[in-house]
Amino acid sequence: MISETPRVRFAPSPTGYLHVGGLRTALYNYLFAKKNNGKCILRIEDTDRNRYVEGAAESLVESLKWSGLEFDESPQNPGEYGPYTQSERNEIYDKHIKQLIEDGNAYYCFCTPERIKELRDKQYAAKEQPIYDKHCLNLSKEEIEEKLAAGTPHVVRLNVRHGDKIYVDDIVRGRVEFDSNIVDDQVLIKSDGYPTYHLANVVDDHLMKISHVIRGEEWLSSTPKHVLLYDYFGWERPQFAHLPLLLNPDKTKLSKRQGDVAVEDYRDKGYLRDALVNFVALLGWSAGDNQEFYKLDELVEKFSLERVHKAGAVFNIDKLNWLNFEHLRLMPVEDKIEGVRKELDKAGYDNTKFSDEYLSHVIEAMVERVNFIHENVTNCPYFYTPPTEYDEKAVAKRWKEDTPAHLDKLLEKFEALDNPVKEAYENALKEAAEELGVGNGKLIHPVRLSVSGMSGGPGLYDILVIIGKDETIRRIKEAKVKITALK
RNA sequence: GGCGCAUUCGUCUAGCGGUUUAGGACACCGCCCUCUCAAGGCGGAGAUCACGGGUUCGAAUCCCGUAUGCGCUACCA
């Protein structure tokens, strides 16, 4: 069924940032293309001059690049079907709309916005489908020429033939039937001369030889207009695949009000691109084999449009967090070190004070305890600076009256150590505990509190090795003074 | 209002007429491990498959209604 080399496209409108739903759409297009040895094209749909936002196209491209999705043809990397930005294609739309008008499949409309509104209000009040009444279709050739010559504001509309059934065959949804009577004579060319989505999209998809239109479900309702356009042009229709929407926890369409929707927001929060891509891939698709953890190339291998879901999917952050944890574990140490250095600077530390080796030990110690790279800093500040305060609950629970005396004994043992490794600390502590006639815990917990100020974290001896003997001893002594003063 | 789409554990999903006492994952709870917090292992709770009718020997799976949700209904995409 799939043509030799399918061509698909992601065609965002530059009105801001890349929405995670957009990322999902882009991803499915990408996966489908790669899976089938096809081409994935990026086209910027900037025909709405009112909504155009300066720099939005660049932001889109940047987010896409960050996500790791590469396009075979794009404004930055044009192929033979350019330009890839719609605002640069006006001549092309002009040519095509003329053909449509000549063939009677489109017509000039000079109706004022007021008349349109009135008409619509009336239809709505009568509980009818609000569609244009083809008023201007009855204009004579002379009248049209005259108005055009006079510079009367006008649009060009699609001339929908009523009384037909229009069928849309969708890969995800199967056959969907529409009654042509309720299909509006859609504006194709706006009064500012720019095409609407419907015209530009169909013309470009055809000219760019797009074989599969993979887009959000919000387009399903206007697909009959597109299908008609293909038919009127005498062009072969592409295959359609309408993707389910991404939803807020309350099942409404994913919106900014209820959380982050921009890819850059997730990037800035420390989510890994592999995790975000993995997560978003699972929102509306599954291979059916219980695998949930994927690298991009595995997604390519397993993806198919036939296994895309029909129902919308709630964007649930918990699973994303888990995926981030899983992907983070696979990240090469060098990359983690680089990331930690950035986070150190962000947190106000001087990253140059720490060697790569030092940081790699911290990372190793924290690996099971971090979901995000920044947690290698925020969750364990004691690796970078001595504790300034001590967790109250832990103090109450672990710091008893005889603790300072116990620590004195331990300090003796520690001081005698020469360049200690993990086991040396452990043995020293055990010896001290034995000589004191107490359990190891009586020493372990106060030491942890002393060196970290916290009650949780990596194995105590790992912490000690990382911060070093001198610092360990210094911190224990300091804690003795400070915590005793607190009591 | 009209048209369209959808509806399986809280969430993401498996399931495409019998192998299902509906499987997995995240989250949640418990146990084990253990110096803590995690991770990991094991286990638990959690879905009358929206509801009501059919079809069938047999339905989460097919058909029809209803309800609910969502989308579209723009000279926005």
Side-chain angles (χ1 to χ4, degrees), chain A residues 11-15 45-48 50-51 109 111 113 116-117 120 123-131 153-157 168 170 172-173 176-179 181-184 186-198 200-201 215-224 242 244-245 247 249-253 279 282-293 307 309-323 325 329 366-371 379 394 397-398 426 429 439-445 447-449 452 454-461 463:
Chain A
S13 187
T15 55
E45 310 221 325
D46 57 346
T47 56
D48 183 354
N50 298 320
R51 286 215 307 166
C109 170
C111 290
I116 301 292
K117 189 179 181 305
R120 240 191 277 281
Q123 289 168 328
Y124 203 83
K127 299 190 174 177
E128 289 166 11
Q129 176 81 354
I131 60 174
H154 63 275
V155 299
V156 180
R157 290 182 179 276
V168 173
D170 190 279
V172 175
R173 280 149 224 284
V176 184
E177 184 184 312
F178 297 88
D179 191 331
N181 293 338
I182 55 104
V183 177
D184 198 7
Q186 181 66 44
V187 169
L188 261 19
I189 299 285
K190 296 178 265 189
S191 57
D192 66 2
Y194 279 83
T196 56
Y197 171 91
H198 310 282
N201 192 265
R215 67 204 339 181
E217 194 195 330
E218 68 268 27
W219 292 109
L220 185 57
S221 296
S222 40
T223 305
H242 287 95
L245 262 18
L247 273 21
D250 68 358
K251 305 258 185 187
T252 52
K253 190 175 169 183
F279 175 61
L282 261 22
L283 258 24
W285 169 85
S286 83
D289 60 359
N290 286 341
Q291 184 180 345
E292 308 245 36
F293 180 84
R307 290 198 60 88
H309 261 239
K310 294 177 170 74
V314 173
F315 192 94
N316 178 222
I317 205 87
D318 279 334
K319 198 153 191 171
L320 210 208
N321 289 341
W322 168 71
L323 247 12
F325 169 79
R329 296 180 76 155
M366 294 299 290
V367 71
E368 309 293 357
R369 281 161 265 262
V370 295
N371 285 322
N379 284 4
K397 189 174 177 192
R398 307 292 193 185
E426 188 170 355
L429 186 139
N440 296 342
K442 281 278 185 196
L443 291 172
I444 289 174
H445 296 293
V447 172
R448 171 181 294 283
L449 197 49
S452 76
M454 298 180 176
S455 61
L460 205 229
Y461 309 115
I463 297 178

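Just so it is clear, the structure is predicted and the values come from calculations on it, not from any experiment. Reminder, nothing fancy here: chain letters follow the sequence lines and each chain counts from 1.
- With B/G15, B/U7, B/U11 as the choices, the nucleotide that has an atom nearest any side-chain atom of A/Arg307 turns out to be B/G15.
- With a 3.5 Å ceiling on both atom-pair distances, B/A39 lacks any Watson-Crick or G-U wobble partner.
- Here B/C12 presents its C1' atom at 13 Å from CD1 of A/Ile317, a figure rounded to the nearest Å.
- Checking the phosphate oxygens (OP1, OP2) of B/G4, no side-chain nitrogen or oxygen of A/His242 falls inside 4.0 Å.
- Residues A/Arg448 and A/Ser455 come closest through the heavy atom pair CD-O, 3.4 Å.
- Of the C1' atoms belonging to B/C29 and B/G10, the separation is 14 Å, rounded to the nearest Å.
- Remark: A/Thr47 is in phosphate contact with B/A77, judged by side-chain N or O atoms under 4.0 Å from OP1 or OP2.
- Here A/Phe315 lies out of heavy-atom contact (under 4.0 Å) with every strand.
- Of all nucleotides present, none satisfies the Watson-Crick or G-U wobble test against B/A45 with each distance under 3.5 Å.
- The phosphate of B/U11 (OP1 or OP2) has a side-chain N or O of A/Lys251 nearer than 4.0 angstrom.
- Nucleotides B/C16 and B/C63, compared at atom P, are 16 Å apart to the nearest Å.
- Mapping A/Asp318 and A/Leu247 onto RNA chain B by nearest heavy atom places A/Asp318 at the nucleotide closer to the 5' end.
- The distance from atom OG1 of A/Thr223 to atom NE2 of A/His242, rounded to the nearest 0.5 Å, is 3.0 Å.
- Using a 4.5 Å heavy-atom threshold, the side chains of A/Ile444 and A/Tyr461 count as touching.
- Under the Watson-Crick or G-U wobble criterion, with both distances below 3.5 Å, B/C72 is paired with B/G2.
- Nearest to the side-chain atoms of A/Arg398 among the listed nucleotides B/C3, B/A77, B/U36 stands B/U36.
- To the nearest 0.5 angstrom, A/Asn316 atom CG is 8.5 Å from A/Leu283 atom CG.
- Base-pair partner of B/U56: not found among the strands shown (Watson-Crick or G-U wobble, both distances under 3.5 Å).
- Here B/U13 presents its C1' atom at 14 Å from CG of A/Leu323, a figure rounded to the nearest Å.
- The P atoms of B/G44 and B/C5 are separated by 42 Å, rounded to the nearest whole Å.
- Residue A/Asn181 contributes atom CG, which lies 16 Å from atom C1' of B/G4 at whole-angstrom precision.
- Between A/Lys190 and B/A77 there is a side-chain polar atom (N or O) within less than 4.0 angstrom of OP1 or OP2.
- Between B/G2 and B/C49, the two P atoms lie 30 Å apart (nearest whole Å).
- Pairing partner, B/A14: none, since no Watson-Crick or wobble contact has both distances short of 3.5 Å.
- Nucleotides B/U68 and B/C76 are separated by 34 Å at their P atoms, to the nearest Å.
- Rounded to an integer number of Å, the gap from CG of A/Leu220 to P of B/C72 is 11 Å.
- Checking B/A74, B/U7, B/A77 against the side-chain heavy atoms of A/Ser222 singles out B/A77 as nearest.
- For B/G2, the base has no donor-acceptor partner in the side chain of A/Gln123 [N/O atoms by modelled type, under 3.5 angstrom].
- To the nearest whole angstrom, the two C1' atoms, one in B/C72 and one in B/A77, are 12 Å apart.
- Nearest nucleotide to the A/Lys127 side chain, out of B/G1, B/U11, B/A74: B/G1.
- Side-chain proximity of A/Ala311 to the nucleotides B/A39, B/U7, B/A25 is greatest for B/U7.
- A/Glu426 places its CD atom 12 Å from the P atom of B/U34, with the value rounded to the nearest Å.
- Using a 4.0 Å heavy-atom distance criterion, A/Ser286 is classed as a sugar-phosphate-only contact.
- Of the inter-residue distances, the one linking A/Leu429 atom CG with A/Asn440 atom CG reads 6.0 Å to the nearest 0.5 angstrom.
- Listed nucleotides B/C5, B/U73, B/C3 differ in distance to A/Ile182; the shortest reach to its side chain belongs to B/C3.
- Tested against A/Phe279, the residues A/Trp285, A/Trp322, A/Phe325, A/Phe315 include a single ring pair (Phe, Tyr, Trp, His ring centres under 6.0 Å) partner, A/Phe315.
- Candidate nucleotides B/A25, B/A77, B/C3 were compared by shortest atom distance to the side chain of A/Ser13, and B/A77 ranks first.
- Nearer the 5' end of RNA chain B, as judged by each residue's closest nucleotide, is the contact made by A/Gly312, out of A/Gly312 and A/Glu368.
- Between the OH atom of A/Tyr461 and the C1' atom of B/C35 there is a distance of 7 Å, rounded to whole Å.
- Pairing for B/U66 goes to B/A50, judged as Watson-Crick or G-U wobble with the two contacts each under 3.5 Å.
- No hydrogens or angles were tested; on distance alone, nothing pairs the side chain of A/Lys310 with the base of B/A6 as donor and acceptor under 3.5 Å.
- Atom-to-atom, CG of A/Leu443 to P of B/U36 comes out at 15 Å; the value is rounded to the nearest Å.
- Taking all atoms of both residues into account, the shortest heavy-atom contact from A/Val155 to A/Ser191 is CG1-N, 3.7 Å.
- If you take CG of A/Asn440 and P of B/U34, they are 13 Å apart, rounded to a whole angstrom.
- For A/Lys319, whose side chain is taken as the heavy atoms from C-beta onward, the closest listed nucleotide among B/C5, B/A25, B/U36 is B/A25.
- To the nearest 0.5 Å, atom CZ of residue A/Arg120 and atom CD of residue A/Gln129 are 10.5 Å apart.
- Residue contacts shown for A/Pro153 are absent, as no nucleic acid heavy atom lies under 4.0 Å away.
- Using a 4.0 Å heavy-atom criterion, one finds that A/Gly459 contacts the bases of the nucleic acid, with or without backbone contacts as well.
- Here the side chain of A/His309 is nearest to one of B/C72, B/A14, B/C12, namely B/A14.
- For B/C75, neither phosphate oxygen OP1 nor OP2 lies less than 4.0 angstrom from any side-chain nitrogen or oxygen of A/Thr196.
- Taking atom C1' in both B/U7 and B/U61, the straight-line distance is 14 Å, to the nearest Å.
- Distances shorter than 4.0 Å separate some side-chain N or O of A/Arg120 from OP1 or OP2 on B/A74.
- A/Gly441 comes within 4.0 angstrom of nothing in the nucleic acid, heavy atoms only.
- B/A14 and B/U8: their P atoms are spaced 11 Å apart (whole Å).
- Look at A/Arg215 and you won't find any side-chain N or O under 4.0 angstrom from OP1 or OP2 of B/C72.
- Considering CZ of A/Arg329 and CG of A/Asn371, their distance stands at 11.0 Å, rounded to 0.5 Å.
- Here the OG1-CG distance, from A/Thr15 to A/Asp48, works out to 9.0 Å after rounding to the nearest 0.5 Å.
- Side chain A/Arg369 to base B/C37: a donor-acceptor pair is found below 3.5 Å.
- At the heavy-atom level, A/Glu45 lies under 4.0 Å from the strands shown only through sugar-phosphate atoms.
- Relative to the side chain of A/Val155, the nucleotides B/A77, B/C75, B/G4 differ in distance, and B/C75 lies closest.
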